[in-house]
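As structure tokens, the structure follows; a few thoughts come after it.
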Amino acid sequence: GQNIDQPTEMTATEGAIVQINCTYQTSGFNGLFWYQQHAGEAPTFLSYNVLDGLEEKGRFSSFLSRSKGYSYLLLKELQMKDSASYLCAVRDRDYKLSFGAGTTVTVRA
Amino acid sequence: IAGITQAPTSQILAAGRRMTLRCTQDMRHNAMYWYRQDLGLGLRLIHYSNTAGTTGKGEVPDGYSVSRANTDDFPLTLASAVPSQTSVYFCASSDGTGGDTQYFGPGTRLTVL
């Protein structure tokens with residue numbers, strides 16, 4: 001099974017940078033995903049890491065260290081629309097996802 | 001527009017009643033999933049199907065059943081609803097290959113009284 005931990009809440013100022021950490025313990029790692037979920041909406045895909053290192057996609061970057069069971073999602077140049085929950089999910093060898101409880105990010109003007 | 005649809009959007013149900021949540025995707029994805037999302041617990045997998053004709057149990061399958069008669073549809077049935085099944089239910093699909101991503105439907109908000 002999977003055990004996934006991420007902070008419950010984070011607050012940052014518009015234009016700033018926020019880093020959301022995710023640690024996991026898994027019996028069979030096969031990739032890590034980050035999803036964004038606005039209140040009352042469905043999760044939407046942000047990023048995918050399967051190898052160690054940094055994946056950059058515009059203002060969002062995601063990092064993975066498999067040996068440490070650690071990932072982070074970096075949000076740069078924060079905008080008000082980035083206020084949402086960010087979900088860390090680990091995929092196992094059967095292609096099933098296990099999700100953390102999510103980190104609610106509040107962006108303040 | 002390609003994607004996943006779920007019905008109903010929301011439902012209030014008396015305990016003991018039977019309820020089927022519908023999920024349809026038009027992306028020809030092989031794999032489909034049902035999750036429930038509860039405050040503080042995140043998304044938890046109920047049942048999944050890797051391909052039409054097959055299903056499997058997830059983390060919290062008790063009280064739920066699924067079927068996968070064809071590629072597009074993956075209904076979730078609560079045979080006899082209980083208040084603890086009050087939740088938001090999300091259906092998702094993926095193409096089932098190596099680097100695939102799961103795409104989520106809009107969700108069904110279910111309240112069992």
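Just so it is clear: chains get the letters A, B, ... in the order the sequence lines come, proteins before strands, and each one is counted from 1.
Listed by chain and number, the hydrophobic cluster partners of B:L39 come to none, as no ILVMFWY side chain reaches under 4.5 Å of it.
Hydrophobic clustering, with ILVMFWY side chains joined whenever heavy atoms are under 4.5 angstrom apart, groups A:Y86 together with A:L78. When hydrophobic clusters are built by joining Ile, Leu, Val, Met, Phe, Trp and Tyr residues whose side-chain heavy atoms come closer than 4.5 Å, directly or via intermediates, B:V88 is not grouped with B:I12. Taken together through direct or relayed side-chain contacts under 4.5 Å among Ile, Leu, Val, Met, Phe, Trp and Tyr, B:Y35 and A:V90 form parts of separate hydrophobic clusters.
Interface remark: A:I4 contributes no atoms to any contact with chain B (heavy atom separation under 4.5 Å). B:L45 touches chain A through its side chain: at least one heavy atom from C-beta onward sits under 4.5 Å away, while N, CA, C and O do not.
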A:L97 and B:Y48: side chain to side chain contact (heavy atoms under 4.5 Å, CB included), yes or no, with the steps? CA-CA 11 Å; A:L97 290 181; B:Y48 66 96; over 6 Å; no
Given the rule in the side chain to side chain contact (heavy atoms under 4.5 Å, CB included) test, do A:F33 and B:T101 qualify, once you have shown the distances and angles that lead to the verdict? CA-CA 8 Å; A:F33 292 77; B:T101 298; 4.0 Å; yes
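Using a 4.5 Å heavy-atom cut-off against chain A, the contacting residues of residues 102-113 of chain B are B:Q102, B:F104, B:G105, B:P106. Applying a 4.5 Å heavy-atom cutoff, the residues of residues 99-109 of chain A that approach chain B are A:F99, A:G100, A:A101.
Environment of CD in A:E77: sparse, with no more than 12 heavy atoms of neighbouring residues, nucleotides or ligands closer than 6.0 Å.
Between atom CZ of residue B:R44 and atom OG of residue A:S98 there is a gap of 12.0 Å, rounded to the nearest 0.5 Å. Once rounded to the nearest 0.5 Å, the distance linking CD of A:Q37 with CD of B:Q37 reads 4.0 Å. Rounding to the nearest 0.5 Å places OG of B:S94 at 8.0 Å from CZ of A:R91.
Identified under the disulfide bond (SG atoms under 2.5 Å apart) test for residues 14-95 of chain A, with sequence neighbours left out: A:C22-A:C88.
Across every non-hydrogen atom of B:F90 and A:A42, the tightest pair is CE2-CA, 3.6 Å.
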